[in-house]
Amino acid sequence: MEKGSKADEILTLAFMLLAIAAIICYFAVSNRTVFLICGGAAIVMRVVQYILRFVK
């Protein structure tokens with residue numbers, strides 16, 4: 001995957017949405033598990049994006 005491709009833009013957008021959801025959950029939800037799931041999913045998505053950039 002090349003930087004700036006359509007797939008790269010979609011993964012970046014999904015990462016940003018998950019990161020924003022994690023921030024909202026941190027302040028709005030008393031259960032921290034939801035925050036950890038959203039934040040963890042955002043981090044995993046970003047790592048997968050970097051791996052895909054490196055491989056291709």
Side-chain angles (χ1 to χ4, degrees):
M1 174 172 41
E2 295 180 13
K3 190 173 183 179
S5 68
K6 190 70 168 176
D8 187 54
E9 291 177 10
I10 291 170
L11 286 173
T12 300
L13 179 65
F15 165 75
M16 287 184 197
L17 292 174
L18 280 171
I20 291 170
I23 291 170
I24 291 170
C25 288
Y26 183 77
F27 292 109
V29 179
S30 62
N31 187 0
R32 294 292 178 228
T33 305
V34 179
F35 161 72
L36 292 174
I37 291 171
C38 286
I43 291 170
V44 168
M45 183 169 293
R46 184 58 102 181
V47 169
V48 167
Q49 182 180 9
Y50 284 135
I51 290 171
L52 288 174
R53 280 187 194 170
F54 181 73
V55 169
K56 294 186 178 186

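A 4.5 Å side-chain heavy-atom check between Arg46 and Leu11 finds every atom pair outside the cut-off. Taking 4.5 Å as the limit, some side-chain heavy atom of Ile10 sits within range of a side-chain heavy atom of Lys6.
Rounding to the nearest 0.5 angstrom, the gap separating the SG atom in Cys38 from the CG atom in Leu17 is 11.0 Å. Atom-to-atom distance recorded for Asn31:CG and Ile37:CD1 is 8.0 Å, nearest 0.5 angstrom. Between the CZ atom of Phe35 and the CD1 atom of Ile23 there is a distance of 8.5 Å, given to the nearest 0.5 Å.
Both Val44 and Leu52 belong to a common hydrophobic cluster when Ile, Leu, Val, Met, Phe, Trp and Tyr are linked at side-chain heavy-atom distances under 4.5 angstrom. One hydrophobic cluster, built from ILVMFWY side chains closer than 4.5 Å, holds both Val55 and Val47. Linking ILVMFWY residues whenever their side-chain heavy atoms come closer than 4.5 Å, directly or via other members, leaves Ile43 and Ile20 in distinct clusters.
Here the closest heavy-atom approach between residue Met45 and residue Ala14 is recorded as SD-CB, 3.3 Å.
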- Query: Where do Met16 and Thr12 land on the side chain to side chain contact (heavy atoms under 4.5 Å, CB included) test, with the steps shown first?
  - Reply: CA-CA 6 Å; Met16 287 184 197; Thr12 300; 3.5 Å; yes
